[in-house]
J.: 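For reference, the structure I am asking about is given below.
Just so it is clear: chains get the letters A, B, ... in the order the sequence lines come, proteins before strands, and each one is counted from 1. Values in this document were obtained by computation on a predicted structure and should not be read as measured data.
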Amino acid sequence: MSTTLYERIGGEPAVNAAVELFYRKVLDDSTVYRFFGNTDMDTQIAKQKAFFTMAFGGPNNYTGQDMRNAHAKLVTMGLNEDHFNAVMKHLGDTLVELNVPGDLIAEAAAIAESARDDVLGK
Amino acid sequence: MSTTLTIDQNRYKCEAGETVLDTLLRENVNLSYACKKGTCHSCLVRSDVAPPGLAQSGLKNTLTKQNYFLACQCYPEQDMQIRLPDQSEFYRMGTVITNKLLNRNTILLVMAFEDAFEFNAGQFVNLQRSDGLTRSYSIANIPEVSNTLEFHIRRLPDGVFSTWLHDEVNVGDSIAVSEPRGHCFYIPERREQGILLVGTGTGLAPLAGILNDALANGHSGPIHLFHGSRELEDLYRIDEMRQLAQQKPNFHYTPCLSGSEVPEGFAAGRVNDIVFSQIPDLKSWRVFLCGHPEMVNLMKKRTFIKGAAIADIYADAFLISYH
């Protein structure tokens with residue numbers, strides 16, 4: 001296929017819509033809230049936007065090492081597989097809510113999944 | 001097509017295909033930046049003319065209205081005069097025409113200016129004493145023909161500046177006032193939208209401005225104001241707000257007290273709990289939060305979780321400095 005997932009999913013407007021729904025879900029989830037709730041909300045939104053851009057295969061500069069560094073502090077706070085799974089579920093639910101076709105959701109989930117070891121510092 | 005960028009007295013040539021950030025970095029102008037993708041907003045600057053729409057993508061509407069834009073996303077379409085975030089401010093002198101108590105620890109300070117003072121109700125200015133000591137205060141009124149600015153100033157324990165304003169500044173004195181700043185203000189659109197105003201202490205000042213601005217613009221949706229403090233003696237303008245609520249059917253006022261003594265007519269508890277007992281769902285509401293930083297940060301998250309869109313949440317957390 002010639003176009004990227006990012007383009008097929010709807011580009012920046014899709015990212016913005018997804019970030020809003022997704023961030024509301026994680027803030028309302030007591031099991032992962034502490035990893036998202038402490039910093040300033042606007043900063044968090046910018047981070048989530050970068051995350052979704054990455055998950056959609058859009059333009060981003062993040063390397064595996066960046067992902068490691070960015071999440072190292074959360075790992076010391078106890079970030080583990082369960083939390084990662086919970087966030088993956090919120091990601092999937094968000095895209096379902098936005099009526100993104102199943103095959104595109106699977107592609108996005110696979111990209112996010114590929115960051116698992118870096119995020120968890122493994 | 002190349003364009004000219006002007007910063008202070010300096011002119012820089014922005015080549016075709018270059019962003020404003022590219023040009024400034026090439027010219028060694030000191031400007032913070034990070035992602036270069038329009039995501040982090042580090043390179044937010046301001047222009048004298050409306051910038052290209054793409055350079056304002058993702059910014060709050062109160063920022064776009066003031067011609068703020070992202071340098072990394074801006075391919076200029078015309079010459080621009082640019083203001084960097086740290087550029088020195090322009091001050092003008094105002095004359096104190098009122099200094100009186102609103103409650104046991106808050107004064108109403110009104111200053112008059114010779115020329116029109118342009119601002120949006122809800123913005124703040126820096127007041128500067130002749131020795132250079134500077135503090136930010138929110139403007140409490142809406143732009144008026146009289147060219148006045150109103151402030152509500154609480155006396156902070158050990159607060160050097162507020163003590164000075166309370167005890168030493170008299171009617172007739174002059175104080176230097178900066179240009180208006182901040183992006184917590186009303187924009188006259190979607191007039192049927194519900195508006196939630198939540199403030200603690202002198203957070204009422206910007207909210208009163210925003211409220212009057214919304215009403216003056218014929219906002220038709222419900223407007224709810226929650227003003228909280230611990231003790232009754234620290235609230236103010238209670239009768240005025242109650243009267244306004246009687247006159248304007250879409251305006252609702254709830255004074256809240258978190259201390260132990262709560263007389264009839266006041267809601268008992270913290271504003272952050274009382275709001276949601278009255279308005280459980282904030283989907284499609286516009287929210288303004290002003291006052292204590294803890295309350296503001298907590299309420300930003302809670303109003304968002306309750307359905308308010310991020311673009312619809314405007315916040316002004318008061319910084320408290322003593323020395």
J.: Please classify the contact between I45(A) and chain B as side chain, backbone, both or neither, with a heavy-atom cut-off of under 4.5 Å.
T.: side chain
J.: Residue by residue, scan residues 301-309 of chain B and write down, ordered by number, those that have a heavy-atom distance under 4.5 Å to chain A; if none do, write 'none'.
T.: K301(B), F304(B), I305(B), G307(B), A308(B), A309(B)
J.: Could you check whether any side-chain heavy atom of I313(B) comes within less than 4.5 Å of a side-chain heavy atom of M41(A), counting everything from C-beta outward?
T.: yes
J.: Counting only heavy atoms not in R68(A), do more than 12 fall under 6.0 Å of its CZ?
T.: yes
J.: Between F36(A) and chain B, which part of the residue has a heavy atom less than 4.5 Å away: side chain, backbone, both or neither?
T.: neither
J.: Would you indicate whether Y33(B), at its atom OH, is surrounded by more than 12 heavy atoms from other residues, nucleotides or ligands within a distance under 6.0 Å?
T.: no
J.: Can you tell me how far CD of E20(A) sits from CD1 of I310(B), rounded to the nearest 0.5 angstrom?
T.: 4.0 Å
J.: Can you tell which part of Q44(A) gets under 4.5 Å to a heavy atom of chain B, answering side chain, backbone, both or neither?
T.: neither
J.: Would you indicate whether E15(B), at its atom CD, is surrounded by more than 12 heavy atoms from other residues, nucleotides or ligands within a distance under 6.0 Å?
T.: yes
